[in-house]
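Quick one: the structure is below, and I'll ask about it shortly.
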Amino acid sequence: MAGIINQTSKTTDGAQTSIVDGKQHILLLPAWLIIGVLLVIPVILMLVYSFLTQDFRGGVIWEFSLEAYDQFFFDRGLFGDEPPSIEWTYIGIFWRSFLQALFAMIFCFLIGFPTAYFIATRAPQSRSFWLFLVTIPYWVNLLIRTVSMKFLIRDNGPINTWLLSGGIIDEPISMINTNFAIQIGLFYSYLPFMVLPIYASIERYNFALSEAAADLYSSRWVTLFKIVIPSVKPGIIAGCILVFIPSLGAFLAPDLLGGAKNFMIGSLVEEQFKGQAGDWPFGAAVSMILLSIIMVILLFYARAQIRQNDGGH
Amino acid sequence: MDKAKTANNNKTHAIDILSVTKIYPHRTHPVTALNDISFAIEDNEFFTLLGPSGCGKTTLLRMIGGFEGITKGQIQLYGEDISTLQPNQRPINTVFQQYALFPHLTVFENVAFGLKRLGRDRAFIQKQTEAMLELIRMADFAHRKPNQLSGGQQQRVALARALAPQPKVLLLDEPLSALDLKLRQAMREELKDIQKKTGITFIFVTHDQEEALTMSDRIAVMSNGEVQQIGTATDIYDHPINHFVATFIGEANILSASVTKINKNSIMATLAAGGGSVEVATDLAMTKGQKISLMIRPERVKIGKASRAKSALSGVVQSISYLGTDTQLHVSLNARQETELNTGQSNGEIIIARQQNHGDGGSPFHKGDAVSVTIAENALRILQD
């Protein structure tokens, strides 16, 4: 059945394409330009760089080399003449980054979902006000926001001062340069990316479904988990992807709030392209590895979605 | 009134609405949706709340379901106060206007949903859900998703889902309004049939008088947050209590008249337009000279050739419309002969008459014909406002 439908739609598409051929391409030009200039060319550039040889003054020498990938995965000793063993440093950084991004995503969801639900259930005329409040911090540059967060949570910052003067704690809680600080930074940076898509789905959600669930003997929690969340799942998944992926590659929050101990992928890549000591092919290779992992995750997600949709037929 | 009291003593009603008031608060314009209404719905009854949109019928239904709070008064279910219970604590289920089927669940899962929440054991859920799908003839569609069903099928699934937990009362909020005419007519019979089979009390909300008349055991006609009249379909059609009920249900001629003579169980009255004296059966207390409104249904107005017979009113045909089964005539009543001060203005009140067609080319009358108008015996009703 699905095959037949697909075929018919294909032939219809084909016919349409031949009719509006020329015009269609002109109209698509801006889209092609954006995808080409901002997506395809930079990614190809990085892919090519990752297979080139490092120039020690920064930049690359146009000579094919697998050195960058080798450096990522294998440890050949200080002079590169020992038998290769697995290099755990970078895999460790990846692993820590994944955990950081995962927790940032979970915290953003735990706070973002109730926020989105709250906004979507206000009277229509006051919703834009609440959304406005959520987006206000984003009028300020990310760097400045992250620096102010650093100021807030440092040992003699306002939070500790206040807690000390209130007699709640005896000595300052050291929050700066911890995983906790990175979490705060990521959470603060990406929360709206969780709130907005979830808000959009909840706003479209038919609240008669919640009434129907209550009518059929569901408590509020059961209604939330059995009806509301499954119904707004696309928004939740969009929000999670929008928080998880930038968190994975974030470098401002880890750099400024996490300190040297809590290195993440973003900082690793940044370091390779910054200043004289950088290794461009290695930075490009790290980016490519990260990109591949993300693509694999998204592919698995897409396949799961397709399978679920087919299940209904 | 007396009837209601004795019934109250003898047995419990399915639902008792006791002085229920609903006010939507607002800083400047609080809205009274329901104004101190009281009535009872019998066990095993197909009861309809009928009225125009904004009359409060849906609000009342939602209050019975627990989706709206009660400002004042009490709602009882088989004698127990349920006013403060949450929807999930009431053994009452609802068929929603737009069905509100769970889009991510299959037909089977939708129907089984309530039973699962009630914690019934698996075998029972399986059996009961299958029985419900059988009842609505949807067993073959058990594994479809709601968006793969037609409107009529979704409607039936919504019904099965609400019936599956065997509620004490089933609420139906304009369930047929989203269906097309043919389907709506078929569903009426099916609903009535299912109500009889299951023996569950149905409370049905509609603005469609035809739906109300064909399906209901009793109808409550509502307007402006008040119940105007409660009765069977024939009660309401043949004996409307007031102007609103008379004109809301079917078509009605309202004639103003004044009382001329009072007999034991009837009165004599003179019609303001067209003159003529009519006798109306009533047990209401009347006084001589009192102005009253009389109602007559168009099909009970007889139109004949102009005659000089004393009892008949006379008039002129203003328009004729052919309606298939019937022909509708608008006849302007002539002014009374004794008071012929304004003969130039022949245009008195218009009376609408309906004649059944017999397949012989419609009405024998034409526009402009002078005709006699006869009102069938016992066809006039006194309206109380």
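Note that the coordinates shown come from a computational prediction; the quantities given were computed from them, not determined experimentally. Chain letters run A, B, ... following the sequence lines, proteins first, then strands; residues in each count from 1. As a basis for the values below, the full set of heavy atoms in this structure was taken, side chains included, without hydrogen atoms, waters or symmetry mates.
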Go through the atoms of I92(B) and report whether side chain, backbone, both or neither lie under 4.5 Å from a heavy atom of chain A. backbone
Of the non-hydrogen atoms in P165(B) and Y217(A), which two are nearest, and what is the gap between them? CB-CE1, 3.5 Å
Can you tell me which portion of T94(B) sits under 4.5 Å from chain A's heavy atoms? Options are side chain, backbone, both or neither. both
Checking S210(A) against chain B: side chain, backbone, both or neither under 4.5 Å from a heavy atom? neither
Largest heavy-atom contact set with chain B, pairs under 4.5 Å, which of D215(A), I227(A), L216(A), V222(A): D215(A)
L115(B) portion near chain A, given a 4.5 angstrom heavy-atom threshold: neither
Quick check on the interface: out of R161(B), R117(B), R90(B), R62(B), who has the most heavy-atom pairs with chain A under 4.5 Å? R117(B)
Do you know the tightest heavy-atom contact between A212(A) and A100(B)? CB-O, 3.9 Å
With a cut-off of 6.0 Å (strictly less than), are more than 12 heavy atoms of other residues, nucleotides or ligands near CZ of R220(A)? no
Considering heavy atoms only, which positions within residues 121-128 of chain B lie below 4.5 Å of chain A? none
Short side-chain to backbone donor-acceptor contact, H104(B) and K226(A), under 3.5 Å: yes
Heavy atoms of other groups near F39(B) CZ, more than 12 under 6.0 Å: yes
To the nearest 0.5 Å, what is the distance between CD on E211(A) and CG on N88(B)? 12.5 Å
NZ-OG distance between K116(B) and S218(A), expressed to the nearest 0.5 angstrom: 11.5 Å
Looking at E80(B), I want to see if its CD is surrounded by more than 12 non-hydrogen atoms of other residues, nucleotides or ligands under 6.0 Å. no
Per-residue contact mode, Q86(B) against chain A (heavy atom under 4.5 angstrom): side chain
Flag if over 12 foreign heavy atoms under 6.0 Å of NE2, H26(B): yes
Has F98(A) got more than 12 heavy atoms of other residues, nucleotides or ligands less than 6.0 Å from its CZ? yes
